[in-house]
Amino acid sequence: MPTHQYDAIAIDGPAASGKSTVARELAARLELIMVNSGEMYRAVTLEVVRRGVDPGDPAAVVGVLREIDLHCAVENRNSMVLIAGEHPGEALRSDEVNAAVSRVAAVPEVRHLLVARQRELRDLGDLVMEGRDIGSVVFPDTPYKLYIEASEEVRHQRRAAEGQVDELALRDRLDSARRTSPLMVADGAQVIDSSKLNIEQVLNAAMEVLREQGWFERNPESATP
Ligand code: DC
């Protein structure tokens, strides 16, 4: 018996590359569970920040990790991270969390626990999961892998338009340089540069890649007209 009977589409890329939008739209079109893995790293970080713990102190971060009650629920085909049964909402995207999340996400114990939780979600149904290490570490066996990138200038404009303070270049540097599962183009992933494309164009490019990777042969019922 295979451990996982469901399919996973892995979408990786740097911050503000447009990967969340692509993942959301693909999930809607193909009727998949949508998982934003960054939210899980943000949830742990939020608790680190709330408790006044130094995000640069791995032992202290692991202490928080052991104390918190973190769960992932799926509702209406959307995954949701819960801390002590509550969804933290907008607090996950606060400036403090933006500033600390890459350091928390670099702690191996944090990654170990969250990767295990992410893999469990695949037992619930076909899904699309976006993050930094989905194609390389979480689901290296999936044939369906995309890597969405965009120029730093465009990514800055997108974050500014959302009204967020986010040191993207620093976060990308930390995410790409960390020892445990750094951001990278996974083996077999197709790169889409979204800098000069609108959402519809990125989505069409993503559908084309999935077609080439065999998604619609395996899932003919999810083919769109
Ligand atoms: O996707 P995001 O910007 O919300 O992710 C927040 C941070 O979480 C990101 O800077 C790095 C970390 N992250 C990670 O290390 N691995 C993932 N699969 C997803 C996010």
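Numbering of ligands and ligand atoms starts at 1, following listing order. In what follows, residues are counted from 1 in the order of the sequence shown.
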Exercise for review: List every atom of ligand 1 that sits less than 4.0 Å from any heavy atom of A105, numbering the atoms from 1 in the order shown and giving each element.
Suggested key: 12 (C), 15 (O)
Check your understanding: Which is it for K19 and ligand 1 at heavy atoms under 4.0 Å: side chain, backbone, both or neither?
Key -> side chain
Review point. Just one of E25, E130, E39 clears the side chain to side chain donor-acceptor pair (under 3.5 Å) bar with S20, so which one?
Key: E130
Exercise for review: Please could you name the atoms of ligand 1 that R42 approaches to less than 4.0 Å, counting only its heavy atoms?
Suggested key: 2 (P), 3 (O), 4 (O), 6 (C)
Check your understanding: Under 4.0 Å from ligand 1, counting heavy atoms only, is it the side chain of Q118, its backbone, both or neither?
Key -> neither
**Study point:** Polar proximity ligand 1 side, R178 side, N/O cut 3.5 Å exclusive
**Key:** yes
Review point. Going by heavy atoms, is M40 under 4.0 Å from ligand 1?
Key: no
Review point. With respect to S194, which candidate in R158, E149, R155, K19 satisfies the side chain to side chain donor-acceptor pair (under 3.5 Å) definition?
Key: R158
Exercise for review: For the residue pair T180 and R111, confirm or rule out a side-chain donor-acceptor distance under 3.5 Å.
Suggested key: no
Review point. Can you list the ligand 1 atoms lying under 4.0 Å from a non-hydrogen atom of D133?
Key: 16 (N), 17 (C), 18 (N)
Point to revise | Identity and separation of the nearest protein heavy atom to atom 19 (C) of ligand 1 | key: S37 OG, 3.3 Å
Study note, to complete from the structure: The atoms of ligand 1 lying under 4.0 Å from a heavy atom of S102, numbered in the order shown, are 10 (O)
**Study point:** Distance filter under 4.0 Å to R171 heavy atoms, resulting ligand 1 atoms
**Key:** 3 (O), 5 (O), 6 (C), 7 (C), 9 (C), 10 (O)
Point to revise | Side chain, backbone, both or neither: E39 near ligand 1, heavy atoms under 4.0 Å | key: neither
Check your understanding: Do ligand 1 and D175 have nitrogen or oxygen atoms that lie under 3.5 Å from each other?
Key -> yes
